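Order of the sequence lines fixes the chain letters, A, B, ..., with proteins taken first and strands second; residue numbering starts at 1 for each chain. Quantities reported herein were computed from a predicted structural model and do not represent experimental measurements.
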Protein chains: 2
Amino acid sequence: MPENGVGRGENLLFLTDEQLRKGIEAMFFAYRGFTADPDRILAQYNYGRAHHRALHFINRSHGTTVNNLLSVLGVTKQSLNRVLRTLIEDGLVESRVGRRDRRERHLYLTEAGRALEAELSEAQQARMRAAYRAAGPQAVAGFRQVLEAMMEDDIRRQYLQLRDGKP
Amino acid sequence: MPENGVGRGENLLFLTDEQLRKGIEAMFFAYRGFTADPDRILAQYNYGRAHHRALHFINRSHGTTVNNLLSVLGVTKQSLNRVLRTLIEDGLVESRVGRRDRRERHLYLTEAGRALEAELSEAQQARMRAAYRAAGPQAVAGFRQVLEAMMEDDIRRQYLQLRDGKP
DNA sequence: ATTTTATGTCAGCGTTGTTGACATTCCAAG
DNA sequence: CTTGGAATGTCAACAACGCTGACATAAAAT
């Protein structure tokens with residue numbers, strides 16, 4: 001007999017087209033909420049989402065190279081370069097020539113960069129925290145499971161590597 | 001005593017900054033997977049995500065007005081108009097002047113429009129179905145709970161109205 | 001010495017957001 | 001009935017940020 005109403009019987013009602021459609025729409029609307037608060041802050045600084053993403057992952061992995069960042073963000077170097085240039089010009093990011101390999105540029109947040117990253121992060125985390133708290137730990141575990149299953153294979157590998165610490 | 005290992009004790013470890021960061025990154029990477037398959041199809045037709053969204057919601061609510069669609073999609077009428085124009089020119093969408101209020105345009109998918117919408121939907125649903133199946137019904141329930149809690153309030157109202165049937 | 005790799009620049013294009021200006025239609029106040 | 005405002009949708013132009021392609025530079029690898 002099913003535990004929690006969804007035991008080993010697995011009636012598969014959660015896989016109907018109707019359920020999938022609801023999930024798809026939820027994903028669409030939720031992503032808007034996910035980016036809404038940072039977007040409002042970014043607009044004040046005349047930056048966009050691309051700047052936020054760059055700041056986030058540079059903060060996440062201090063000293064990462066441009067190439068690393070490219071593969072994480074999944075954009076072309078030309079596209080990232082435009083964003084990085086403005087961040088460097090504005091003194092939020094520092095680009096240092098590599099010591100071992102002087103072709104590489106290692107990226108670091110400046111004090112100002114850390115400040116903006118923190119402001120953006122806090123806004124995004126506040127919403128996430130509220131959502132987590134409202135849904136509860138069980139729901140959060142399921143949330144993460146489904147998201148991870150939804151990623152493309154190579155992206156998931158990157159994500160898990162990032163998630164579990166940087167070697 | 002806790003049931004499922006996370007009972008009323010609620011140790012709140014799921015609310016640490018570290019956990020929130022993982023959720024944020026999971027959301028970012030998963031959204032890329034979420035749109036990847038439709039994006040590949042759209043590219044073949046020289047369309048973009050905005051076309052997909054329009055097709056989806058017109059299919060969802062046959063005869064909806066432009067204004068309705070605007071509020072669901074959360075873009076300006078000018079932005080939507082550009083997309084709609086190409087879809088109408090290409091014979092995927094039909095726009096009929098309102099009978100009661102002739103300022104309104106009611107939108108319908110043509111046979112070709114339904115075909116493309118189905119192709120896109122099936123690709124997106126296939127990934128979603130795989131993710132749901134891999135994660136299981138409990139996880140899916142949690143996934144939806146967190147997503148709904150993450151939406152902005154007015155958007156959530158729209159979503160729930162859509163979700164539970166169109167009056 | 002030559003080739004490959006990593007980075008960056010410049011030029012240009014497409015999608016999809018944005019505002020501003022404007023036409024049409026409806027409705028309500030006078 | 002007329003007029004003025006609100007609602008709706010269209011057209012034009014601009015910005016952010018993806019993309020490709022061509023090319024320069026510098027260092028590493030062979």
Side-chain angles (χ1 to χ4, degrees), chain A residues 28 31-32 35-36 38-58 63-90 93-107, chain B residues 28 31-32 35-36 38-58 63-90 93-108 120:
Chain A
F28 169 63
Y31 200 78
R32 293 235 302 265
T35 57
D39 282 354
R40 278 186 277 269
I41 295 168
L42 290 159
Q44 295 169 9
Y45 294 86
N46 276 307
Y47 289 141
R49 260 177 226 179
H51 299 86
H52 181 191
R53 294 196 282 262
L55 290 173
H56 174 95
F57 284 108
I58 294 172
T64 187
T65 64
V66 173
N67 231 22
N68 261 333
L69 206 49
L70 286 182
S71 75
V72 171
L73 294 174
V75 299
T76 60
K77 61 182 177 178
Q78 294 91 332
S79 189
L80 175 59
N81 190 257
R82 194 194 299 127
V83 169
L84 276 183
R85 200 182 333 135
T86 69
L87 290 174
I88 291 168
E89 279 169 8
D90 295 352
V93 168
E94 192 187 347
S95 165
R96 297 187 204 147
V97 171
R99 289 166 49 89
R100 278 190 41 199
D101 184 338
R102 296 185 37 188
R103 292 168 301 182
E104 296 181 342
R105 301 292 181 276
H106 296 268
L107 303 168
Chain B
F28 169 62
Y31 200 78
R32 293 236 302 264
T35 57
D39 281 354
R40 279 187 276 268
I41 295 168
L42 288 160
Q44 295 169 8
Y45 293 88
N46 277 306
Y47 288 140
R49 262 179 223 179
H51 298 87
H52 182 193
R53 294 198 281 262
L55 290 173
H56 175 96
F57 284 107
I58 294 172
T64 187
T65 63
V66 173
N67 230 23
N68 261 332
L69 205 50
L70 286 184
S71 74
V72 170
L73 294 174
V75 297
T76 59
K77 61 185 177 175
Q78 294 90 330
S79 187
L80 175 58
N81 189 257
R82 194 195 301 121
V83 169
L84 278 182
R85 200 184 331 139
T86 69
L87 290 174
I88 291 168
E89 278 168 9
D90 296 351
V93 168
E94 191 186 348
S95 165
R96 297 185 205 150
V97 172
R99 291 166 48 89
R100 278 189 41 199
D101 185 337
R102 296 185 35 193
R103 289 169 305 182
E104 296 179 341
R105 301 289 183 277
H106 296 270
L107 302 169
Y108 301 87
L120 294 166

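- Across all non-hydrogen atoms, the minimal contact from L69(A) to T64(A) is N-OG1, 4.2 Å.
- Taking the 5' to 3' direction, DNA chain D first and last meets chain A under 4.0 angstrom from a heavy atom at dC17(D) to dA28(D).
- Along DNA chain D, the nucleotide nearest G48(A) and the nucleotide nearest V66(B) are compared for position; the residue whose nucleotide lies closer to the 5' end is V66(B).
- Looking only at side-chain heavy atoms (C-beta outward), I58(A) and L84(A) come within less than 4.5 Å of each other.
- Atom CZ of R40(A) is surrounded by more than 12 heavy atoms from other residues, nucleotides or ligands within 6.0 Å.
- In this structure, R49(A) atom CZ and dT18(C) atom P are separated by 11 Å, rounded to whole Å.
- The side-chain tip of R32(A) points at the ring of F28(A) from less than 6.0 angstrom away and within 45° of straight on.
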**Complete:** Protein heavy-atom contacts under 4.0 Å, written 5' to 3' over nucleotides 20-27 of chain C as B (base), S (sugar-phosphate only) or - (none), form the string B----BS-
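- The CG atom of L80(B) sits 14 Å away from the C1' atom of dT18(C) (whole-angstrom rounding).
- In this structure, the CG atom of N68(A) is 12 Å from the C1' atom of dA6(C), given to the nearest Å.
- Both R82(A) and R85(A) lie close to DNA chain C; mapped to their nearest nucleotides by heavy-atom distance, the more 5′-ward contact belongs to R85(A).
- One finds a side-chain N or O of N67(A) lying less than 4.0 angstrom from the OP1 or OP2 phosphate oxygen of dT7(C).
- Rounded to whole Å, atom P of dT16(C) lies 12 Å from atom CG of L73(B).
- For the pair R105(A) and dA6(C), the criterion of a side-chain N or O lying under 4.0 Å from OP1 or OP2 is not met.
- Atoms NE2 (H51(B)) and C1' (dG17(C)) sit 13 Å apart, rounded to a whole Å.
- Between Y45(A) and Y47(A), the ring planes are parallel. Angles under 30° get that label, and only those over 60° would be called perpendicular.
- When all heavy atoms of A54(A) and L73(A) are compared, the closest pair comes out as CA-CD1, 4.5 Å.
- A tilted orientation is assigned to the rings of H106(B) and Y108(B), their planes being inclined by 30° to 60°.
- Smallest separation of non-hydrogen atoms from I88(B) and S95(B): CD1-CB, 3.7 Å.
- A donor-acceptor contact shorter than 3.5 Å links the side chain of R105(B) to the backbone of R103(B).
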